[in-house]
There are 2 protein chains.
Amino acid sequence: MSTAEKTEGEDLPWGEVTPDAARRLLIAAVEAFAERGYHATTTRDIAGRAGMSPAALYIHYKTKEELLHRISRIGHDKALRVLRTAANGPGSAAERLADAVRSFVRWHADHHTTARVVQYELDALGEEHRTEIIALRRQSDATVRDMINEGVRAGEFDVPDVPGTTLAVLSLCIDVARWFNVAGQRTPDEVGALYADLVLRMVGARQRG
Amino acid sequence: MSTAEKTEGEDLPWGEVTPDAARRLLIAAVEAFAERGYHATTTRDIAGRAGMSPAALYIHYKTKEELLHRISRIGHDKALRVLRTAANGPGSAAERLADAVRSFVRWHADHHTTARVVQYELDALGEEHRTEIIALRRQSDATVRDMINEGVRAGEFDVPDVPGTTLAVLSLCIDVARWFNVAGQRTPDEVGALYADLVLRMVGARQRG
DNA sequence: CCTGACGGTGAGCAAGCGCTTAGGACGCCG
DNA sequence: CGGCGTCCTAAGCGCTTGCTCACCGTCAGG
């Protein structure tokens with residue numbers, strides 16, 4: 001068996017979406033949702049961007065909402081994995097928090113079109129799908145909160161309000177998806193570095209890079 | 001002439017919208033837009049919430065987009081005024097910045113339903129209206145940047161990247177409109193105080209309150 | 001060659017959309 | 001009382017929406 005068969009799912013942007021036509025439709029939907037928002041996007045527009053007829057969409061997805069759900073699910077999974085990888089890495093609490101913020105922000109900047117859909121079209125989802133996604137977000141929250149708590153316990157941080165600071169840190173990172181590339185001229189790496197520094201200041205880390 | 005005639009425009013929430021029916025429609029629109037988003041809201045829904053027939057909307061507003069524009073315009077004006085009042089107040093740069101963040105955040109929390117429409121439905125506006133609103137946002141940006149610059153010049157702050165930090169501070173404040181009251185249990189005053197402290201940390205203010 | 005599954009299309013349905021228009025209820029002035 | 005302007009409604013127009021359905025080309029297996 002050729003090695004390309006199983007590995008191709010990981011490196012190209014939406015490789016985990018398996019029928020090729022389904023992937024093209026999903027990518028088209030991400031673009032359209034990010035540009036105009038979920039409700040302002042028509043199924044005809046999505047199918048058109050993917051080079052297909054309007055009816056083709058319903059061969060691969062049951063409803064327009066299912067498309068949004070798939071995008072939201074995969075996007076949140078990836079963002080959470082990025083966060084956790086840095087959080088579980090080596091180094092002091094400050095180093096891990098800076099790393100986590102840096103890569104989380106970089107992800108939101110790099111994939112700002114996906115991130116915008118994932119973070120800002122949440123209540124277009126149906127009841128069940130929305131609660132599923134909210135559970136994923138709580139895991140992101142817990143990941144950041146744990147890092148901050150560890151830093152406080154180790155004496156590295158000075159944080160009077162841990163839940164509030166956690167909320168603010170995540171809010172700051174997530175909002176990158178809204179303004180990125182609308183303002184222009186900053187690379188994802190630069191924003192990541194800036195935000196890592198700002199967050200270290202917010203938690204009162206003693207030494208700064 | 002009775003004194004109530006001119007003063008009533010200032011204290012009640014949308015007092016500047018003068019025909020009474022027009023105000024009721026606008027308030028209904030704010031609620032609906034905040035709950036479901038602009039595109040997912042129907043003119044019938046807005047009129048229904050205001051206790052009127054669908055056609056009544058078009059006596060007071062030419063289009064649904066004009067309603068959004070009026071909301072956006074008034075909301076941005078008010079938020080900018082709140083920011084500037086604190087920025088032009090007395091005290092050191094640190095005190096004024098903290099004050100500005102505190103009141104700006106409090107406004108976004110208090111009027112989170114209005115703020116959500118104002119901050120997150122921007123690209124539902126038409127071309128001309130959108131550029132008009134963006135000009136107002138640039139003034140908010142300039143107000144914050146000036147305060148930070150003054151603090152740096154006075155030796156109160158330590159900020160390596162002033163434009164980037166300005167962006168982050170505003171992003172942090174604005175995003176309050178997204179999560180407030182979805183999370184619950186924090187009062188606008190508490191969030192304002194927390195955020196003022198966090199922002200002082202971000203700019204490296206030497207003394208903290 | 002036939003067969004059947006797969007993946008796609010063209011046409012269109014019922015419902016809902018933003019918005020318009022003809023007309024009615026009401027109060028004010030003569 | 002009539003005439004008029006203001007504010008609102010009932011009805012509906014033209015169009016678009018999410019989605020369906022009857023049908024078709026392609027290709028592997030026998």
Side-chain angles (χ1 to χ4, degrees), chain A residues 1 5 14 16-72 117 121 123-130, chain B residues 1-2 5 14 17-72 117 121 123-130:
Chain A
M1 294 119 192
E5 220 160 36
W14 291 95
E16 56 270 76
V17 184
T18 39
D20 182 82
R23 176 170 53 246
R24 267 157 49 218
L25 283 164
L26 189 136
I27 291 171
V30 169
E31 288 173 10
F33 291 163
E35 271 179 32
R36 324 230 249 254
Y38 174 80
H39 288 294
T41 300
T42 70
T43 55
R44 283 171 238 272
D45 182 26
I46 297 170
R49 284 172 192 246
M52 296 173 176
S53 82
L57 198 153
Y58 294 91
I59 296 166
H60 302 282
Y61 302 95
K62 219 157 55 183
T63 64
K64 178 180 154 189
E65 194 262 358
E66 190 195 319
L67 250 174
L68 177 62
H69 171 60
R70 281 267 237 284
I71 294 168
S72 233
V117 178
E121 300 289 352
D123 26 71
L125 287 169
E127 191 66 40
E128 293 181 25
H129 288 161
R130 184 167 56 250
Chain B
M1 295 115 191
S2 84
E5 219 160 38
W14 291 95
V17 184
T18 39
D20 182 82
R23 175 168 56 246
R24 267 157 48 218
L25 283 165
L26 190 136
I27 292 171
V30 169
E31 288 173 10
F33 290 163
E35 271 179 31
R36 323 231 249 256
Y38 175 79
H39 287 296
T41 300
T42 69
T43 55
R44 285 172 237 275
D45 182 27
I46 296 170
R49 284 173 193 246
M52 296 173 175
S53 83
L57 197 153
Y58 294 90
I59 296 166
H60 301 282
Y61 302 95
K62 220 157 52 183
T63 63
K64 178 179 154 190
E65 194 263 358
E66 190 195 319
L67 250 174
L68 177 61
H69 171 59
R70 281 267 238 284
I71 295 168
S72 232
V117 178
E121 300 288 353
D123 25 72
L125 288 169
E127 190 66 38
E128 294 181 25
H129 289 160
R130 185 167 56 249

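Residue numbers start from 1 in every chain, and the chains themselves are labelled A, B, ... in the order their sequence lines are given, proteins ahead of strands.
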> When rounded to the nearest 0.5 angstrom, what distance separates CG in A:Leu67 from OH in A:Tyr38?
Replying inline: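 The CG atom of A:Leu67 sits 8.0 Å away from the OH atom of A:Tyr38.
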
Within the distance-only criterion (no hydrogens, no angle test), does the side chain of [X] pair as donor or acceptor with the backbone N or O of [Y] below 3.5 angstrom?
{"X": "A:Lys64", "Y": "A:Leu57", "result": "no"}
{"X": "B:Arg23", "Y": "B:Val17", "result": "yes"}
{"X": "A:Glu65", "Y": "A:Gly126", "result": "yes"}
{"X": "A:Tyr61", "Y": "A:Ala22", "result": "yes"}

Between [X] ([atom1]) and [N] ([atom2]), how many Å, whole number?
{"X": "A:Met52", "N": "C:dT9", "atom1": "CE", "atom2": "P", "result": "7 Å"}
{"X": "A:Leu25", "N": "C:dG7", "atom1": "CG", "atom2": "C1'", "result": "12 Å"}
{"X": "B:Lys64", "N": "C:dT20", "atom1": "NZ", "atom2": "P", "result": "14 Å"}
{"X": "B:Ile59", "N": "C:dC19", "atom1": "CD1", "atom2": "P", "result": "15 Å"}

Closest non-hydrogen atom pair between [X] and [Y], with its separation:
{"X": "B:Arg36", "Y": "B:Asp45", "answer": "NH2-OD2, 3.2 Å"}
{"X": "A:Val117", "Y": "A:Val30", "answer": "CG2-O, 3.7 Å"}
{"X": "A:Ala28", "Y": "A:Ala50", "answer": "CB-N, 4.0 Å"}

Expected rows: protein N/O vs nucleotides 13-16 of chain C N/O, under 3.5 Å:
none

> Between which nucleotides of DNA chain D, read 5' to 3', does contact with chain B run, using atoms under 4.0 Å from its heavy atoms?
Replying inline: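 Here the contact window of chain B covers D:dC8 to D:dG12.
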
> Of B:Pro19 and A:His39, whose nearest nucleotide on DNA chain D comes first from the 5' end?
Replying inline: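 The 5'-side residue here is B:Pro19.
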
> With a non-hydrogen cut-off below 4.0 angstrom, is B:His60 in contact with a base, only sugar-phosphate, or nothing?
Replying inline: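 Sugar-phosphate contact only - B:His60 comes under 4.0 Å of backbone atoms but never of a base.
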
